[in-house]
Each structure stands twice: as C-alpha cells, then as structure tokens.
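For reference, the structure discussed in these notes is given below.
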Amino acid sequence: MIRYILRRILFLIPVLIGVAFCVFTLLYLTPGDPARMILGDMATENAIKEFRAKEGLDKPFLLQFGNYIYKAITQGDIGRSYITKRPVMNEIMATFPATLKLAAFAIVIAVVVGLPCGILSAIKQYSVFDTLAMIFAMIGLSMPVFWLGLLLILLFSVHLRWLPPSGFDTFKAMILPSLALSAQSISMITRMTRSSMLEVVRADYIRTARSKGQKESVVIWVHALHNALIPVVTLCGLQFGHLLAGAILTESIFAVPGVGRLMVESIKMRDYPVVQGGVLFVAVAFSVVNLLVDLLYAYIDPRIKAQYR
Amino acid sequence: MKKCSLKKCGLVLLAFAFLLGGAGVAAAKDILIVADQYDATTMDPIAHNDVPSSRACYELYDTLVFVDNEGNVSPGLAESWEFLSGTEYKFNLRKGVKFHNGDEMKAEDVQYSIMRATTDAGAKIATYSQNVKDVEIVDDYTIVVHLKLIDYSFFSSLAHSWGSVISKKATEAAGDSYGMNPVGTGPFKLVSWQKGNKYVLERFDDYWGPKPQYKTLEVRSVPEPTSRTIALETGDADIAFPIVHNDLKRVGENEKLVLYRKPQNSTAYIGFNVTKKPFDDIRVRQGIFAALDIVGIQAASYRGIGKVPGTILPSAVKYSINDEIPPHVQDVEKAKKLLEEAGVKDLKLEIWTNERKERVDSATIVQAQLEEIGIKSEIKVLEWGAYLNGLMEKTHDLFILGWVVSIPDPNFAVAGLLETSAIGASNYTFFSDTALDELLREGRSLPDGAGRQAIYKEMQLYLNEQLPMIYLHNDESIAGTQKNVKGFSPRSNEIHSFREVYFEN
Amino acid sequence: MSDYSAAAPAVTGRKSRRGLAEVLFRLRKSPLAMFGLIFILCLAFVAVFAGVLAPYPYQKQNLMHSYETPSRQFWLGTDEFGRDILSRLIYGARISLQVGFIAVGIALFVGGMLGAVAGYYGGWIDNGIMRLMDVLLSVPQTLLAIAIAASLGPGLFNLMIAVGIAAVPNYARIVRGSVLSIREMEFIEAARAVGSSDLRIILKHILPNSMAPIIVQSTLGVASAILNAAGLSFIGLGIQPPYPEWGAMLSGGRQYIRDYAHLTLYPGLAIMLTILALNFLGDGLRDALDPKLKR
C-alpha cells in the first residue's frame with residue numbers, strides 16, 4: 001500500500017511539471033507586456049528594461065522555464081507577484097481558506113441533499129418522486145452556476161432580504177455561494193446514488209439476502225447501501241476536487257475572496273506569476289484529492305485493496 | 001432573609017442595568033464600514049497610480065501639505081514653507097510626529113520618501129516626481145527640495161499620495177514586501193489586509209493631528225454595484241461608492257440614507273491618432289467632431305451622471321473655462337463639407353475602448369452617428385493590458401480613454417496627455433505641437449496669478465480648435481451613506497477621506 | 001463534466017452499424033430525449049434563419065425604448081439600449097450553437113486523432129500522448145479554458161479554440177479506449193492483410209466503429225462547451241459586448257437585476273433550456289446506442 005502511494009506521488013511530479021510547462025507557454029504567448037502593465041503608463045524605457053532583467057523576462061523561454069521549475073522544486077518558491085511583490089505562495093494561501101470553506105460547504109450540502117434523494121429515488125423507482133427527482137437533477141446539471149447565483153441573489157437578497165449577496169465573513173454570507181456551487185454536485189450525487197443502488201439491488205447477494213427472508217429495510221439499508229456507496233464516495237471526492245477548481249464563477253458572482261477570484265483578477269492585471277502559481281496549485285490540490293479518493297476507495301472496497309500490494 | 005434577598009435582587013437589577021448601559025455605550029458605533037468597488041493594489045504610496053490604493057494611503061500617511069477640493073493648500077507634516085526660488089522649496093517640518101512604529105519622523109525620512117519616488121520604484125508616479133533633482137537636509141526638521149526646472153505645479157502635487165512620508169527604517173527593513181506592511185504617520189494604522197476582500201485599519205492613538213472619533217475603519221471591496229447598494233440598504237455598510245445611475249433614485253429616496261454627488265476632476269475623451277492619415281488633417285478631426293452629437297452621446301451612455309466638458313480642464317481645476325464654452329451642436333452638413341475639403345472619401349476606421357460599460361456604449365453610438373456621414377467604423381473592445389499595449393503600437397485610429405486630474409493644477413490636466421515629452425508614456429494621440437509645448441512650459445514657470453491664468457485660457461481655446469481629442473464626459477463622484485454618518489463628503493479626485501467622519505446618534 | 005466520460009460506455013462495436021433508424025426508434029421511446037432532440041433542431045433552425053426570424057437586428061438601438069418589459073412590440077422586452085431581447089437571443093442561439101459545435105469539433109478532431117493514434121500504435125507513442133492528456137486532465141476543464149482564453153484574448157474564434165482544446169483529453173481517452181478494444185478484432189486483421197495503410201485503417205475502420213461512445217460524449221460535450229463559453233463570457237474573457245452571446249448578455253444585465261430582471265432572466269433561461277435539451281438527448285442516446293446500459 002505504501003509503495004502504491006509513493007508511486008502515485010512520484011507519478012504526480014512529471015504531471016505537475018507538464019502542467020507548469022503548459023501554463024508557462026500559454027502565458028508566454030499572451031499578448032500584453034507584463035513590464036508595461038505593472039510599471040504603468042509613465043514608466044521609462046530604462047525602468048522597463050531593468051524590470052525585465054530583474055524578473056528574468058529578457059531571457060530565452062526555456063531558460064525562464066527551467067529557472068522557474070528549479071526554484072519551485074529546490075526552494076518551494078513559485079515566484080513573486082508583480083503587483084504586491086509578495087511570494088505567490090502567500091497570495092494563494094491567503095485566498096485558499098475561503099475557497100476551501102466554500103467547496104467544503106458545497107460538498108456537505110450536496111451529500112446531505114443528494115444522497116437521500118438518490119436512495120429514495122432508487123427504492124421507489126418509477127414513482128412520482130423518482131421522476132421529479134430525476135428531472136430536477138437534470139435541471140441542476142444544466143443550470144449555469146452564474147445564473148443560479150443571480151437568481152438566488154434576486155430572491156434571497158433583493159426580495160426577501162434574508163441573506164447578504166456578498167462578503168464571505170459570516171456564516172450567513174456563506175450560504176448563498178455554497179448553495180449555488182452545490183447545485184451541480186447535488187444532481188450528480190443523486191443520479192449516481194440512484195443508479196448505483198439500482199445496480200446493487202439486482203445483484204446476487206441481495207437476492208440471497210432477500211431469499212433468506214431478511215427484512216426489506218435491512219436489505220436496503222445494510223446490504224445494498226454499503227455496496228452502493230462505494231462509487232458514490234468516489235464521486236464525492238471527485239466532485240470536491242471539481243468544486244475547488246470550479247468555484248471561479250461562484251466566487252466572482254458573490255465576491256468571495258478565494259483562489260478563483262484571485263486568478264481572474266491576476267489574469268486581468270497580467271500578474272503572470274500568480275496565474276501560473278494558481279493553476280499549478282489547483283492542479284496539485286486536484287491531484288491530491290484524486291489520490292486520496294483512490295486510497296479511500298481501496299480502503300472501503302477490499303477487493304481493490306488486494307490489487308495495491 | 002427576605003429583605004436581604006430583595007436587596008440582593010435590587011443590586012442584581014442595578015448591576016444588570018449598568019451592564020446593559022455599559023453594553024449600550026460599547027455598542028455605540030466605533031467602527032466605520034466602507035464598501036468600495038475595488039481593493040487597494042498596494043499600500044506603498046509610490047507603487048501605484050490607482051484610486052483605491054490612494055484612498056488607503058490617504059488614511060495611513062500624511063503629506064507635507066494638504067490640498068482641499070478647491071485647491072487651497074494647508075500645512076500637513078510641514079508646518080510652514082518658503083519658496084527660496086522657482087526651483088527651491090524650503091519646508092519646516094512639524095516636530096514630535098510619530099510613525100506607527102513609534103519612531104519620530106525626521107528630515108531623513110522625508111528625504112528618503114521623496115528621493116525613493118524618483119527611482120524606478122516610483123515609475124508609476126514619475127509624472128510628479130521626475131522633476132525632483134535633490135532633497136537637501138538642513139537639520140532634523142528642515143529640508144529643501146531642489147527641482148530640475150521651474151515648475152509651480154510641483155508644490156501642490158506634494159499633496160498627492162506620492163508625496164506621502166514613509167519611515168526610512170521600516171521601509172528598508174520590509175524591502176519588497178513594504179506594500180503589504182505600511183508604516184506611516186497617518187491617523188490610522190494597518191491591522192489586517194485580506195487581499196481582494198477587505199482591509200482593516202485602526203486609529204493610531206499617537207497621531208499628531210485631530211484623532212478620528214471612531215476606532216476601526218474597515219474597507220471592503222464589493223465589485224458588484226447591486227451588492228454595494230444592498231449593503232447600504234441593509235446597514236451592512238456605512239458608506240458605499242460608487243453608486244451607479246440606476247441606483248441613484250433608490251439611495252436618494254431612502255429615508256435612512258444620504259446620497260452625495262460631487263463633480264469629479266476627470267475627463268473621458270475620444271482621442272485621434274494624429275500621426276495617422278487622415279487624422280493628421282485638422283479638418284478631418286473637426287469634421288468628425290461636427291458629425292457627433294456629443295451631448296446626446298454623453299446623456300445616453302452616462303444616463304444623467306456628469307456633464308459634457310467644454311475644455312480639457314475639468315471645472316474644479318484652476319483656471320478652467322470648462323463651463324463657459326457653449327454646448328457643442330451636431331452639424332452633419334458642416335461635417336460633410338470639412339471632410340470633402342480634406343479630400344476624404346469612403347473612410348473606414350476603428351474605435352478602440354476598454355471594457356468599461358459607458359465607454360463601450362459611447363463607442364456604439366459614435367459608430368452609428370459616423371455612419372450618417374459615410375464613415376464606416378468597427379468597435380474593438382480591449383482588455384486593459386492589451387488596450388494600453390495596442391495604443392503604444394500606434395496602429396489605432398480613434399480611441400476612448402479617461403484622465404483623472406489628481407491635483408487640481410492645470411498642468412497635470414494637460415501635460416501628461418498632450419505634451420510632446422509624454423509621447424511614449426500617456427500621450428496616446430501622439431500630438432506634438434510646439435505652440436502647446438511652449439504654453440505648457442510657460443504655465444509651469446509662472447506662479448499663480450493673472451499671467452498664469454491667461455496662459456491656460458489660451459491653451460484651452462487652442463486645444464478646442466486643434467482637436468487632438470474630443471471631450472466626452474466629466475464624471476461625478478457619487479457616494480451613499482447612512483443618515484447617522486456625518487463629516488463625510490466625496491472628493492473631486494475620488495480620494496475620499498474618512499478621518500473626519502463621525503456618527504451622530 | 002468529466003464524469004460523463006466515465007459513464008460513457010466503453011465499447012459497443014458494430015451495434016451502431018445497424019443504422020440511424022434503429023437508434024431513432026429506441027430514442028423515440030424516451031420522451032425526454034425526444035424533447036431534447038426537437039428542441040435542439042428548433043434551435044438550430046432558429047439559428048440558421050436568425051436573419052429572417054428576428055424581429056429586429058440584434059444591434060439596433062432605440063434609446064427611447066430602454067428597459068421595456070415584455071410587450072407586443074418587444075416580446076421579451078428591451079435592454080439598456082432599447083435593443084430587442086428576443087432578437088438578441090435568436091442571434092445568440094447562432095453564436096452559442098456555433099461555439100458549442102465547433103468547439104466540440106475541434107476537440108473531437110484533435111482528441112480523436114490523438115486517441116486513435118495512441119491506441120492504434122501503442123508503445124511509447126501511446127505513452128507520450130496519454131501522459132500529455134493526463135497533464136491536461138489534472139487541470140480542471142473550466143480553469144484550462146480560462147487560461148487558454150486569457151492568453152488568446154477575447155473573441156468568438158478564440159473562445160471556440162479555448163473551450164475546444166480544454167475538452168481534448170476527454171475525446172482522446174474515449175477514442176483510445178475504443179480503438180484498443182477494436183484493434184485486435186478480425187476485420188481489422190483482414191484489412192491489414194489486404195494491405196490497407198494505417199491511416200486508412202484508422203479512418204475507415206476503427207473510428208467509425210467507435211462512433212457510439214463518441215456521439216454520446218459529443219452531445220454532452222456540446223452542452224458543456226456552451227456552458228463553459230457562457231461562463232467565460234460572463235467573466236469577460238469571451239465574446240465582445242456588441243455581440244449577443246447569452247453569457248455576455250447575462251453579465252451585461254446583472255447590474256439591472258433589481259429593476260429589470262428580464263435582462264438576466266431570459267438569457268439564463270435560454271442557456272439552461274439548451275443545456276437541458278442536450279443533456280436529455282445525450283442520456284437518451286446513451287441508452288439507445290447501448291442497450292446493455294438500458295434498464
């Protein structure tokens with residue numbers, strides 16, 4: 001198991017270097033000179049030259065990239081923001097808690113709502129509830145988060161005056177963004193729980209349990225659920241990763257000071273190091289969450305655990 | 001026993017009442033919450049040239065002199081001053097002024113602050129600092145600023161946030177991270193700053209001047225106009241700005257709120273690239289101007305906010321004749337005639353603008369009106385960085401941009417925009433005119449008075465005729481506050497001040 | 001939306017050969033899928049004939065009629081310039097469908113070729129290509145699209161490329177999976193025996209036989225491409241303001257949401273219904289193309 005984990009982590013390194021390379025190339029090709037953007041209209045040619053030299057922007061592309069990777073690996077230094085001059089890592093770490101909170105809230109809501117709906121749907125397959133749940137899940141999947149966000153603001157902030165439309169300092173202010181962000185995950189978890197339950201219910205051991213005369217509720221809640229949950233747990237993990245990254249739009253609607261908003265602002269201000277660092281950071285977070293999901297998967301499903309030795 | 005308990009009850013009640021009363025006193029507003037549009041980018045006074053950062057710096061730092069809305073100068077960190085000559089200003093510093101870290105402010109700090117602004121670290125505010133030659137320390141409380149050239153506009157520019165006095169020791173210690181760790185002498189010091197969300201300042205109890213009446217100043221960035229107004233309505237914010245046009249009535253008519261409107265020292269304009277044919281021909285520029293219903297365009301894009309400028313100087317800038325020029329009248333026939341004289345036929349052009357909604361709106365209407373005199377145009381909306389870069393490359397035709405005059409001196413309203421020396425910096429029309437350059441030089445070389453006034457009047461009229469740019473809009477600073485917020489008044493350069501604000505119960 | 005790829009069937013092989021009729025017949029049994037199909041066909045019709053159907057040109061301003069609520073003159077009301085919202089939505093359908101289909105086209109072409117080559121040749125080619133796909137997959141799709149859009153700059157064409165490239169790995173994986181399972185089948189061996197070139201085998205035999213999962217993924221992919229594009233426009237990295245892209249319309253109207261909610265209501269509804277229709281259709285197609293998954 002430990003060897004497996006180590007192998008996975010080792011495998012992560014080339015992937016991340018690849019990500020760094022892609023992002024680096026993209027931003028390198030972006031029109032717009034960061035030196036002029038940062039120094040402003042009045043900057044002298046000399047100042048711009050010096051800035052380029054200081055930030056290494058005058059070096060050949062591969063050298064710039066190599067330098068970046070070298071520093072990242074040896075010193076954990078992924079550059080400094082052009083704007084605030086702080087290490088990019090500080091900038092990201094200052095915004096990450098908000099994103100993490102947002103994503104965590106959203107996943108909790110998604111599980112609390114999605115799981116029971118999925119189970120109920122499966123138990124009462126083809127019932128009115130099932131049909132409605134499936135249609136709503138589809139609507140949830142199709143709902144653009146930025147539109148849902150605006151509708152929530154319109155209803156809860158403008159008309160009912162219950163919840164604030166921005167600010168992420170209080171519990172109350174976190175409700176709307178989390179709700180908006182969770183909609184897609186609720187739908188996915190509902191759908192996945194339902195189909196997974198249905199599959200399990202047809203399985204042989206459930207038939208065996210039934211034929212042994214166990215109560216239907218025991219069959220459903222003990223035998224079926226336990227096995228049906230395995231893929232659902234995986235989905236939840238994957239969803240959490242997506243939420244971490246996908247919060248960009250939600251953050252910009254509700255003015256949540258998270259990583260997504262930091263990146264959008266940085267793109268607009270040509271603060272390349274922050275954009276690079278941000279994408280890299282999200283990729284790491286995403287990969288780590290995926291790794292954890294795989295491990296969890298192995299943990300709850302003994303059949304898979306055996307393969308990892 | 002019973003009596004005793006009664007007494008006890010009374011005591012408990014009394015204590016409870018005190019507690020409540022005490023709580024009541026503590027709950028008396030001791031925090032001012034401001035909803036701004038954007039967060040500050042840095043709190044280093046010379047590393048920015050944007051308004052939200054300048055607002056933060058205004059509370060954290062002091063400048064040698066203060067300038068009010070009307071351009072009147074009053075003593076700041078300098079108690080008095082003396083013009084030794086056109087290029088030498090002597091300042092007598094206030095004694096016993098403390099920095100937030102407890103050190104006393106001395107001549108060395110002032111010298112350091114001003115000279116630092118002349119290095120590349122101050123590239124963004126070079127327009128103000130480029131003329132400084134040296135700062136001489138006479139003694140701990142006396143300095144002399146030496147300029148390279150005579151420039152009477154320099155003095156009042158010291159009140160801009162670039163002239164903030166920073167602590168030499170603290171700045172050198174902080175190095176590159178100074179922008180996040182400011183140390184000034186202002187009435188507030190930085191407590192925490194959550195980038196992109198809010199910064200929290202606290203009253204500096206050793207402040208040399210009048211201390212603010214509340215303890216904590218919290219400035220939140222709320223980019224969505226709707227959210228800002230809601231924050232005001234629900235009482236989540238005490239002051240909110242800018243208020244957009246469709247919320248004016250909502251805030252103005254709300255009994256619990258007060259709406260403030262103040263003409264702003266800024267000019268949005270449609271510039272011509274005068275180095276490109278046919279816009280090098282004055283008749284083409286005048287023809288295009290004649291074809292446009294500027295009054296209609298301004299009204300439709302800005303919807304009741306601001307006004308159409310008459311000249312390049314916003315009304316509150318010294319020597320402005322902005323309000324004396326009769327409104328422009330669209331004259332399509334004249335436009336056609338001028339273009340014909342210039343020999344221009346089937347003209348196709350591009351109108352560039354950044355994403356700001358009102359500017360895109362203006363461009364859209366300009367496009368429609370130009371079509372009436374047979375000019376086909378295409379609008380290019382560019383993201384800010386790409387926009388500035390594109391303008392540097394000289395390929396543009398018409399472009400919409402704005403200019404904020406932070407210091408109400410006419411020199412700063414024109415020099416950075418149209419002087420030959422500003423080509424390569426913020427002169428995107430590439431207008432290079434010896435007559436104008438001469439006027440600007442003369443204007444700087446004269447102290448305030450009738451002579452200076454005459455020069456700037458001539459300059460304004462000259463530019464109206466030369467038309468390197470068509471003036472589109474003088475903006476307004478619009479803010480809303482709770483009714484109990486007193487002592488607040490928006491400033492015409494948008495560097496609103498919160499140090500004088502207090503709450504009325 | 002990458003979970004769709006996981007849900008897509010691995011292989012169906014020759015079943016898709018039975019033709020369109022069979023698939024349509026199965027599809028007809030699902031009312032939701034039929035709704036989706038009809039909606040998309042109608043939308044395509046509207047998009048193609050936008051010039052005829054729209055009551056006004058999309059850019060036609062009428063400042064006397066700003067912010068009007070729905071009326072007989074303006075069925076869905078007007079925006080801040082007095083532009084007819086219905087007309088803008090109709091032209092917007094053209095843009096959204098274009099973006100959706102062309103982006104998926106790009107993704108399908110690039111991803112499909114990469115996947116086919118990887119699966120067909122195997123070995124280090126396979127390894128190299130798929131590791132590159134892993135790299136792209138480790139950045140969430142929306143973020144990848146944002147990064148690409150930011151570097152290309154705004155504009156319709158750039159938007160398509162950004163959204164398309166971001167979706168490449170999904171198709172590469174599916175096609176590779178299909179190719180791997182078909183590669184060793186007899187008819188491929190036969191083709192090879194008669195001396196067909198590799199390219200011919202890939203194009204003529206392998207790709208057509210991995211059509212089923214590709215069709216399902218593409219349908220759902222169009223949905224997520226439209227959604228991504230609208231999101232990018234919403235944060236200002238997509239289409240330029242004068243053009244009536246739905247996401248851009250939503251973004252432009254958000255300032256007026258309190259007074260004139262119809263400015264944001266209709267574009268949002270248009271996006272949602274389109275995505276919904278595509279999702280229903282995609283689900284229906286999955287069931288129709290792969291009876292094994294049908295319950």
Side-chain angles (χ1 to χ4, degrees), chain A residues 11-12 14-19 21-23 25-32 125 134-135 138-139 141-148 150-151 153-154 158 184 188 192 195 198-199 202 235 238-239 241-242 244-246 248-249 252-253 260 263-264 267-268 275 278-279 282-284 286-287 290, chain C residues 1-4 6-7 32 36 131-132 134-144 146-153 220 223-224 226-228 230-237 246-247 250-251 253-254 257-258 261 264-265 267-269 271-280 283 293 295:
Chain A
F11 179 68
L12 212 56
V15 168
L16 291 179
I17 292 180
V19 172
F21 184 78
C22 292
V23 178
T25 313
L26 272 180
L27 292 174
Y28 186 80
L29 299 175
T30 305
Q125 200 186 1
M134 283 306 101
I135 289 177
M138 210 41 148
I139 290 177
L141 274 186
S142 313
M143 189 76 122
V145 64
F146 44 90
W147 191 49
L148 179 62
L150 288 178
L151 293 181
I153 289 180
L154 193 59
V158 175
Q184 287 221 339
M188 285 188 186
M192 179 64 113
S195 62
L198 287 177
E199 209 159 300
R202 286 203 197 84
L235 178 70
L238 291 176
Q239 277 300 302
H242 275 281
L244 277 180
I248 296 177
L249 290 167
S252 81
I253 295 163
M263 286 177 50
V264 172
I267 285 173
K268 291 194 169 161
V275 181
V279 174
V282 172
V284 173
F286 194 61
S287 309
N290 285 356
Chain C
M1 295 245 155
S2 64
D3 60 305
Y4 284 129
L32 291 178
R131 288 302 79 77
L132 181 67
D134 282 341
V135 165
L136 291 180
L137 276 174
S138 71
V139 181
Q141 205 174 322
T142 321
L143 187 62
L144 192 58
I146 285 179
I148 298 174
S151 83
L152 293 176
L220 299 171
S224 68
I226 291 177
L227 207 55
N228 263 339
L232 283 176
S233 297
F234 186 80
I235 54 174
L237 289 171
W246 294 338
L250 244 179
S251 168
R254 66 206 278 215
I257 192 164
R258 295 180 70 178
T264 40
L265 220 52
L269 209 58
I271 301 176
M272 199 203 76
L273 285 177
T274 307
I275 308 297
L276 192 63
L278 284 165
N279 279 342
F280 278 145
D283 262 20
L293 284 178
R295 4 192 116 89

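Values below: all heavy atoms of this structure, side chains included; hydrogens, waters and symmetry mates excluded. Throughout, a chain's letter reflects where its sequence line sits, starting with A, and its residues are numbered from 1.
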Measure [X] against the heavy atoms of chain C and call it side chain, backbone, both or neither at under 4.5 Å.
X         : result
Ser252(A) : both
Ile253(A) : both
Met192(A) : neither
Val19(A)  : both

Residues in side-chain contact (heavy atoms from CB on, under 4.5 Å) with Ile148(C), at least two apart?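 Counting only residues at least two positions away or on another chain, Ile148(C) forms a side-chain contact (heavy atoms from CB on, under 4.5 Å) with Leu26(A), Leu144(C), Leu152(C), Ala162(C), Ile165(C).
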Using a cut-off of under 4.5 Å on heavy-atom pairs, state which of Ile153(A), Val264(A), Val275(A), Val279(A) scores highest against chain C.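 Greatest number of close heavy-atom pairs with chain C: Val279(A).
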For [X] and [Y], work out which heavy atoms get closest and say how close.
X         : Y         : result
Phe146(A) : Leu227(C) : CE2-O, 4.3 Å
Cys22(A)  : Leu136(C) : SG-CD2, 4.5 Å
Leu150(A) : Ile257(C) : O-CD1, 3.6 Å
Val135(C) : Gly18(A)  : CG1-C, 3.5 Å

Assess the residue pair Ile235(C) and Leu249(A) against the criterion (side-chain contact (heavy atoms from CB on, under 4.5 Å)); give the C-alpha distance rounded to whole Å, side-chain angles, the decisive distance to 0.1 Å, and a yes or no. CA-CA 7 Å; Ile235(C) 54 174; Leu249(A) 290 167; 3.6 Å; yes
Quick one: which of Thr274(C), Leu232(C), Leu273(C), Leu265(C) has the most heavy-atom pairs under 4.5 Å with chain A, could you say? Leu265(C)
Could you check which of Ala230(C), Ala147(C), Gly247(C) has the highest count of heavy-atom pairs closer than 4.5 Å to chain A?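 Ranked by contacts with chain A, first place is Ala230(C).
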Step by step, would you call Met138(A) with Asp283(C) a side-chain contact (heavy atoms from CB on, under 4.5 Å)? CA-CA 10 Å; Met138(A) 210 41 148; Asp283(C) 262 20; 3.5 Å; yes
Nearest-0.5 Å distance that lies between atom CG in Asn279(C) and atom CD1 in Ile139(A):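 Asn279(C) CG to Ile139(A) CD1: 11.0 Å, rounded to 0.5 Å.
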How long is the straight-line distance from CD1 of Ile275(C) back to CG of Leu141(A), given to the nearest 0.5 Å? 10.5 Å
Is the backbone of Pro267(C) close enough, under 3.5 Å, to the side chain of Trp147(A) for a donor and an acceptor to pair up by distance? no
Quick one: list whatever passes side-chain hydrogen bond (donor to acceptor under 3.5 Å, both in side chains) with Asn290(A), sequence neighbours left out.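 If we apply the side-chain hydrogen bond (donor to acceptor under 3.5 Å, both in side chains) test to Asn290(A), skipping adjacent residues, there are no hits.
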As a quick check of understanding, evaluate side-chain contact (heavy atoms from CB on, under 4.5 Å) for Leu143(C) and Met263(A), giving each step before the final call. CA-CA 10 Å; Leu143(C) 187 62; Met263(A) 286 177 50; 3.3 Å; yes
